[in-house]
Asker: 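Before anything else, here's the structure in question.
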Amino acid sequence: MNELDAERAYVERCREAVRRMLDGARHNVIVGETVAGDRYSAERLGRHLKSLAKELSEEPDGPPFFGRLDYGPDAGDHAARKYYIGRRHLSGDTGEPPVVIDWRAPVARAFYRASAREPGGVAVRRRFGWSNDSAELTGYEDERLDLGEERDAAASRIVTAEIERPRVGPMRDIVATIQPEQDELVRAPISGSICVQGAPGTGKTAVGLHRAAYLLYAHRQRLRNGGVLVLGPNQAFLGYISQVLPALGEVDVEQTTVGRLLRHRGEMRAHDGEDAAVVKHDARMAKVLRRALYARVRKPSGTLAVPDGSYRWRIDEYDLRRVVDDTRREAVPYLVGRERVISRLVSLLQQRAESRGQTPNAAWVKRMRRSITGFTDEVWPTVRAEEVVAEVLTDADALARAAGGTLTPAEQKAILWTRPPRSHRSARWSEADIVLLDEVAGLLEREQGYGHVIVDEAQDLSQMQCRAIARRSEHGSITVLGDLAQATTPWAAVRWPDALTHLGKPDTAVIALTTGFRVPAAVVALANRLLSTLDADVPQTRSLRSDGMLRVRRVPDLATAVVAAVRDALRHEGSIGVIAADVGPLAERLRAEGIVVAGLDGADATAGTTGAQVTAVPATLVKGLEYDHVILAEPAAITEAETRGANRLYVALTRAVSRLDVLHTRSLPAALDDHGSPM
């Protein structure tokens, strides 16, 4: 039996291990129904066991491993041992070692970090190649680290084939191709936060998702209560990455957008103009809202008399003011402060009663609390977040008092509602208003936090959105992923230290990923031309991809040229994205020509069919997505459509992973207009 046949035989052994584990998991589902001590525990255990059984049932046809480590004779505890590395742990027969090691296990670190200079005891690192449907082992390649042999990503046939595989369907994991600098970020300690400035195609999103999977593996007990939160820019992006973590065996991760995370604060039924939205997203609004909230707290005047049967207990003005002032200085959440005021006043009453020989019981304390409610409502009234925000946005005088010295008169005018609602109950909230509501809610009560938060496309977050995330990660750590060159919102970050300060992690280190694995070099070179025109100090991207195609063409009729480019692209394998400032007319023309055009969820927007190879995407929604072939229509229209149009064009240009057609009838933006014709 030759070496490849031996490895294929090992594949069958692994698949038998999966079947054995699946049988055990299904048996545990049945047994688990009778072993839980209570209904809640039974439901929790049942969900876990059924989830495990479901994951294993989907595993047999996938590649059980992607790498192997052969240790040398002088490797200590690992001497002369072989370890197969895969996406999940596969148990051996009873009493035997596992047949596959989870990629997150400590011993698997060497697969990503070992080098000819520092082999760490590894003699041979083997990578395996699989057929496109992952059903058949097709080959392998070895690096003899003990002999000084080592391949980088560009020199590895298997790594290159995996990186260049056509992008069809959702994003895939990259466990087989993680590079050393990426692995260092994935396995960074949970106690610290990191910020990854990643150029297009450098794998920053994949790093974040694999970091989530790694942290849940290495710190599962610590993260049991808080959990892990992944925040993406939009639902299309979340749909694209949705299968990565389940493929890595992790399903208990919340994946959402900032908007949906805060949506429970109110229903979004209104839209702000840019001027109003920019002011509302500014961190100065936090100061305005705090002033507006605490303006409700008033200094006590006079003496408080509290009836107790035929007697009246009295607290003089000095003590009342001391209680309120001391509580304010403690800077606790507003409603906690109200409760402390009540408790301290009751404590003063209790001291007076005890000094007269009484022994107050629980009923007496409860009666005293009721008796001082009216006074507390005057000096520290209860309030809802909606009341505070609605007052600020509807009452010009209240806004002026809260915003004096913080917002200019023009800024105050910009955020005032032109048609105020009758009350906060009938208010129509905008997306920015929801963030304001969350800010006030955080002032009222402390937000429950997460153990770790991963924020993708973080450069587009506003200062107020960053504060909302900071409240949910106050006692945890965060992983910030983004690219300042791809900042497209009017309030986008210009410098990472500023954004990290608002995220509550000002000391976070910023690590740059500049080596691209996804975007071909010719496309990267074109996109890099825009960097000098952007308000972002970022290094240029370097691509390892020497393949790919780039064509920049001026055409007489845009729609006709797009149809022709799509028909040409359909001759190749892989996904196709049509990107434009206004993609609607182009999509209609494609459909009129008999081409099935998918929506962002992969379903035909008109007929409801599935499996369409062509997706029409407005430039505003393309961030984070990727297509094998991109047809980019009218770059000038993209740059003119919004304040940061040049940044948006930079994003659109870097969505292609194999081929890019840039079609235009108008002059190209200045940074691109000296680019040649077809390439």
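Numbers here are sequence positions counted from 1.
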Asker: Have S430 and D433 got a donor and an acceptor in their side chains that come within less than 3.5 Å?
Answerer: yes

Asker: Counting only heavy atoms from other residues, nucleotides and ligands, does the tally under 6.0 Å from CD of Q448 exceed 12?
Answerer: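 Open: at most 12 neighbouring heavy atoms sit under 6.0 Å from CD of Q448.
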
Asker: Answer yes or no: are there more than 12 heavy-atom neighbours, outside R322 itself, under 6.0 Å from its atom CZ?
Answerer: yes

Asker: Taking atom CG of D460 and atom OG1 of T489, what is their separation to the nearest 0.5 Å?
Answerer: 4.0 Å

Asker: Given side chains that start at C-beta, do those of R495 and D498 come closer than 4.5 Å, heavy atoms only?
Answerer: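 Side-chain contact under 4.5 Å: yes.
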
Asker: When the ring planes of Y334 and Y294 are compared, do they come out parallel, tilted or perpendicular, using 30° and 60° as the limits?
Answerer: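 It falls in the perpendicular class, over 60°.
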
Asker: Please determine whether a side-chain nitrogen of the Lys or Arg among R296 and E391 lies less than 4.0 Å from a carboxylate oxygen of the Asp or Glu.
Answerer: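 Yes.
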
Asker: Does the pair R471/D438 count as a salt bridge with the N-to-O cut at 4.0 Å?
Answerer: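 Salt bridge: yes.
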
Asker: Would you give me the side-chain donor-acceptor pairs under 3.5 Å for residues 405-424, sequence neighbours excluded?
Answerer:
unit_1: T406; atom_1: OG1; unit_2: R291; atom_2: NH1; d: 3.0
unit_1: T406; atom_1: OG1; unit_2: R291; atom_2: NH2; d: 3.3
unit_1: T408; atom_1: OG1; unit_2: E411; atom_2: N; d: 3.1
unit_1: T408; atom_1: OG1; unit_2: E411; atom_2: OE1; d: 3.4
unit_1: E411; atom_1: OE1; unit_2: R284; atom_2: NH1; d: 3.2
unit_1: E411; atom_1: OE1; unit_2: T408; atom_2: N; d: 2.9
unit_1: E411; atom_1: OE2; unit_2: R284; atom_2: NH2; d: 2.8
unit_1: Q412; atom_1: NE2; unit_2: L407; atom_2: O; d: 3.0
unit_1: S423; atom_1: OG; unit_2: R425; atom_2: N; d: 3.2

Asker: Taking salt bridge (charged side-chain N to carboxylate O under 4.0 Å, His left out) as the cut-off, I'd like each qualifying pair that reaches into residues 372-381, sequence neighbours left out, listed once.
Answerer: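 Of all non-adjacent pairs touching residues 372-381, those that pass salt bridge (charged side-chain N to carboxylate O under 4.0 Å, His left out) are R338-D377.
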
Asker: Going by heavy atoms in the side chains, are L216 and V228 under 4.5 Å from each other?
Answerer: yes

Asker: Any pair with a residue in residues 442-459 that passes salt bridge (charged side-chain N to carboxylate O under 4.0 Å, His left out), sequence neighbours left out, goes on the list, sorted by first then second residue, please.
Answerer: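 Counting only pairs at least two positions apart or across chains, the salt bridge (charged side-chain N to carboxylate O under 4.0 Å, His left out) contacts touching residues 442-459 are R265-E447, R446-E474, E447-R472.
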
